[in-house]
Colleague: 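I have a structure I would like to understand better, so I am pasting it below and will then ask my questions one at a time.
The first residue in the sequence is number 1, and the count goes up from there. Values in this document were obtained by computation on a predicted structure and should not be read as measured data.
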Amino acid sequence: MNLFETEFLFCVLSGFFLFHTLSRISEEGKRSDILFQWTMTTVFGFIFTEILKKWGIRSELWNTDSIFVYITKSNLLLFLSYSSLEEKIFDLRPVRRFVVSIFLYLFWVSLLFGIHFFQTNIYVQDNTFILPFAISLGAFVWMREMFWNDTENRMQVLAYDSSRFVYLSFLPAAFLVLSPWKVDVQFYNKLSMILIYGMSSFVGFLLVSKLKKEKLSEAAEIGIWIGALAFSSCLGTEILVVLPLAFFSGIFGQLLYSYLISLSWSESGVRGVVSFLYPSALGIFLPFLLAEPKEWVHSPYVLLGVQVLYFLSFYLAASLSFGIILLNKQK
C-alpha cells in the first residue's frame, strides 16, 4: 500500500468518527446544525492554512500538501471538539455555541503544538503520541460531569450495540495518522498491535459484563479504547506479555464503569472517563512495567517526573479550557 492509498484509507476511517458522533445526537435539527458548523470550520480552516502557506508560514503539524491528510486531521479534531461537551453544547445560545465550538477546535489544534514540544524538547516514553488527546478529552469529560451535570436526563438503561463492532474496532487506529511515524511496513505492524490490544481488552470488558449479566451501551467501543490507548505507549513489547495485561485492563475498566454508574453518573460521563481518562493514566506508567530499562529515554526518577509532567500538562490545560467554557454556561 503506497502513501496515497494510506492517506485515503485514514481519511475514510476518520469519517467514521463523525458518523458515529452524529448518530448519537438525538434531534435532526441539532444534527444539521452541528454538521453545518463542522463543514464551515473545515472549509474556512483549509482556506486559512492555504493563505498562511502562501505567505511562507507553514508547519509540519498541519501540512496541507495532501487534501486527504487535511480532512483526516480535521475530522479527528472535530470529533474531539464535539466529544468534549457532547449535547451540552446545545444548552448554549446559537452565538455562544458557535464561539465555543471554534474555541474547542482551536484548543485541539494547539494541542498538536504541545505534543510537538514534548516530542522535540522534553522526551517522553510514548510511542504514538495518542495519549495527550485521551488525557485532555478525559479531563473534559471529568470536569463536565463534576460542574455541568444534568440530573434530569441521566440514561442508565444501557444496551449493547453489536452492529457497529467492525468499524468501531478501527476508530482508535485512525488517530495514528497524527503520530510522527513514517508510512512503511513498521507502521502497519504497530497499527495491527494497537488493534490486537484493543480486542484483548474488549474481551475482558465483555466477560465481566456477561458474568454480571449487564448490558452496556457501546461496550465494543469502550472495551477497544481501553487496550488501544493504554498500551499504545509501549509498543514493541512481547505480545504474549501485553495481551494478558490488556485483558485485565478491560476487566478493571468494566468494574470502574459499574462503580461510576452506582454513583449516579451520566452514561456519557462514565463512557468518557472509562474510555479515555482511565486508559491514558495507565498508558503514562505502563512503560515502567513493560519497557526494558535500556529503552527508557531518561533515568528512572527523571522519567517518572517527565511522565507525570506529561499527564498533568495536558490534564490541566484541558481543565483550564473547560473553566473558560463554563463561563458561557446559561444560569
Colleague: Begin with the C-alpha distance, continue with both residues' side-chain angles, and end with the deciding distance and a verdict on side chain to side chain contact (heavy atoms under 4.5 Å, CB included) for F285 and L289.
Modeller: CA-CA 7 Å; F285 299 104; L289 178 64; over 6 Å; no

Colleague: Enter the distance from F8:CZ to I67:CD1 here, rounded to the nearest 0.5 Å.
Modeller: 13.0 Å

Colleague: Short question: side chain of S74, backbone of I71 - any donor-acceptor pair under 3.5 Å?
Modeller: no

Colleague: For residues F117 and F113, establish whether the separation of their ring centroids is below 6.0 Å.
Modeller: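 Distance test on ring centres: not under 6.0 Å, no.
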
Colleague: Any chance you could measure L137, atom CG, to L80, atom CG, to the nearest 0.5 Å?
Modeller: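 That separation rounds to 6.0 Å.
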
Colleague: State whether the side chain of S262 and the backbone N or O of Y259 hold a donor-acceptor pair below 3.5 Å, judged by distance alone.
Modeller: yes

Colleague: Donor-acceptor pair, S201 side chain versus G198 backbone, under 3.5 Å?
Modeller: yes

Colleague: So, S232 side chain and L229 main chain: donor-acceptor pair closer than 3.5 Å or not?
Modeller: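 Checked: pair present.
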
Colleague: Mind checking whether V208 and K212 have side chains closer than 4.5 Å, heavy atoms only?
Modeller: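 In short, these two side chains touch, coming nearer than 4.5 Å.
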
Colleague: Per the ring pair (Phe, Tyr, Trp, His ring centres under 6.0 Å) rule, which among Y82, W38, F79, F10 passes with F17?
Modeller: F79

Colleague: For a side chain to side chain contact (heavy atoms under 4.5 Å, CB included) check, start with the C-alpha distance between L104 and I325, then their side-chain angles and the critical distance, and finish with the verdict.
Modeller: CA-CA 9 Å; L104 282 171; I325 293 172; 3.4 Å; yes

Colleague: Using side-chain contact (heavy atoms from CB on, under 4.5 Å) as the criterion, list what pairs up with A318, not counting sequence neighbours.
Modeller: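 Expected list: F107, S136, A139, F140.
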
Colleague: Which atom names give the shortest non-hydrogen contact between D126 and I130, and what distance separates them?
Modeller: OD2-N, 4.0 Å

Colleague: More than 12 foreign heavy atoms under 6.0 Å from CZ of F118: is that the case here?
Modeller: yes

Colleague: Test of understanding: with side chain to side chain donor-acceptor pair (under 3.5 Å), list the residues that count as partners of T21, not counting sequence neighbours.
Modeller: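 Once residues adjacent in sequence are excluded, T21 has no partner under the side chain to side chain donor-acceptor pair (under 3.5 Å) criterion.
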
Colleague: Tell me if the aromatic rings of F175 and F133 count as close, with their centers under 6.0 Å from one another.
Modeller: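 Aromatic pair counts; centres sit under 6.0 Å.
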
Colleague: Decide yes or no on salt bridge (charged side-chain N to carboxylate O under 4.0 Å, His left out) for D91 and R97, but give the supporting numbers first.
Modeller: CA-CA 8 Å; D91 293 343; R97 185 190 312 154; over 6 Å; no

Colleague: Assess the residue pair F288 and W296 against the criterion (ring pair (Phe, Tyr, Trp, His ring centres under 6.0 Å)); give the C-alpha distance rounded to whole Å, side-chain angles, the decisive distance to 0.1 Å, and a yes or no.
Modeller: CA-CA 8 Å; F288 291 97; W296 293 355; 5.6 Å; yes

Colleague: Minimum heavy-atom separation for G253 and I226, please, with both atom names.
Modeller: CA-CD1, 3.9 Å

Colleague: Show the nearest heavy-atom pair for residues F103 and S321, with the distance to one decimal.
Modeller: CE2-O, 3.7 Å

Colleague: Within a strict 4.5 Å, meaning less than it, do heavy atoms of the L243 and F247 side chains meet?
Modeller: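 Side-chain contact under 4.5 Å: no.
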
Colleague: If you take the centroid of each ring, where Trp contributes its six-membered ring, are F248 and F205 closer together than 6.0 Å?
Modeller: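 Distance test on ring centres: not under 6.0 Å, no.
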
Colleague: Under 4.0 Å between a side-chain nitrogen and a carboxylate oxygen: does that hold for E86 and R271?
Modeller: yes

Colleague: Can a donor-acceptor pair be found, under 3.5 Å and without considering hydrogens, that links the side chain of K190 to the backbone of L235?
Modeller: no

Colleague: Considering non-hydrogen atoms only, spot the tightest contact between S84 and R144 and give its length.
Modeller: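 That would be O-NH1, 3.1 Å.
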
Colleague: How many angstroms lie between CD1 in I284 and CD in Q125, if you round to the nearest 0.5 Å?
Modeller: 10.5 Å

Colleague: Without swapping roles, check the side chain of T72 against the backbone of C11 for a donor-acceptor pair under 3.5 Å.
Modeller: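 Checked: pair present.
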
Colleague: Answer yes if W142 and L263 sit in the same cluster of Ile, Leu, Val, Met, Phe, Trp and Tyr residues linked by side chain heavy atoms under 4.5 Å apart, and no otherwise.
Modeller: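 Yes, same cluster.
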
Colleague: Quick one, E145 with S266, criterion side chain to side chain donor-acceptor pair (under 3.5 Å). Give me CA distance, side-chain angles, the key distance, then yes/no.
Modeller: CA-CA 8 Å; E145 191 68 24; S266 67; 2.7 Å; yes

Colleague: I'd like to know whether L131 forms a side chain to side chain contact (heavy atoms under 4.5 Å, CB included) with F276, so could you lay out the CA-CA distance, the side-chain angles of the two residues, the decisive distance to 0.1 Å, and finally the verdict.
Modeller: CA-CA 9 Å; L131 292 182; F276 302 108; over 6 Å; no

Colleague: Once you measure the plane-to-plane angle for Y310 and F314, does it fall in the parallel (<30°), tilted (30-60°) or perpendicular (>60°) bin?
Modeller: perpendicular

Colleague: From E87 CD over to I89 CD1, what is the distance, rounded to the nearest 0.5 angstrom?
Modeller: 11.0 Å

Colleague: Taking Y123 for its side chain and H298 for its backbone only, find out whether a donor-acceptor pair lies under 3.5 Å.
Modeller: no

Colleague: Take T237 and F231, measure what side chain to side chain contact (heavy atoms under 4.5 Å, CB included) needs, and give me the verdict at the end.
Modeller: CA-CA 9 Å; T237 306; F231 296 90; over 6 Å; no

Colleague: Any chance you could measure L286, atom CG, to S233, atom OG, to the nearest 0.5 Å?
Modeller: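 Answer for the CG-OG pair, L286 versus S233, is 5.5 Å.
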
Colleague: Given 3.5 Å as the limit, does a donor-acceptor pair link the side chain of S14 with the main chain of L76, or not?
Modeller: no

Colleague: If you group Ile, Leu, Val, Met, Phe, Trp and Tyr by side-chain heavy-atom gaps below 4.5 Å, do I34 and V99 land in one group?
Modeller: no

Colleague: Which pair of heavy atoms, one from L290 and one from C234, lies closest together, and at what distance?
Modeller: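 Shortest heavy-atom contact: CD1-SG, 3.4 Å.
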
Colleague: Check each of V109, L111, T42, T41 against L77 using the side-chain contact (heavy atoms from CB on, under 4.5 Å) test, and report the only one that passes.
Modeller: V109

Colleague: Tell me if a side-chain donor or acceptor on S32 pairs with a main-chain N or O of E28 at a distance below 3.5 Å.
Modeller: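 Such a contact is found between S32 side chain and E28 backbone.
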
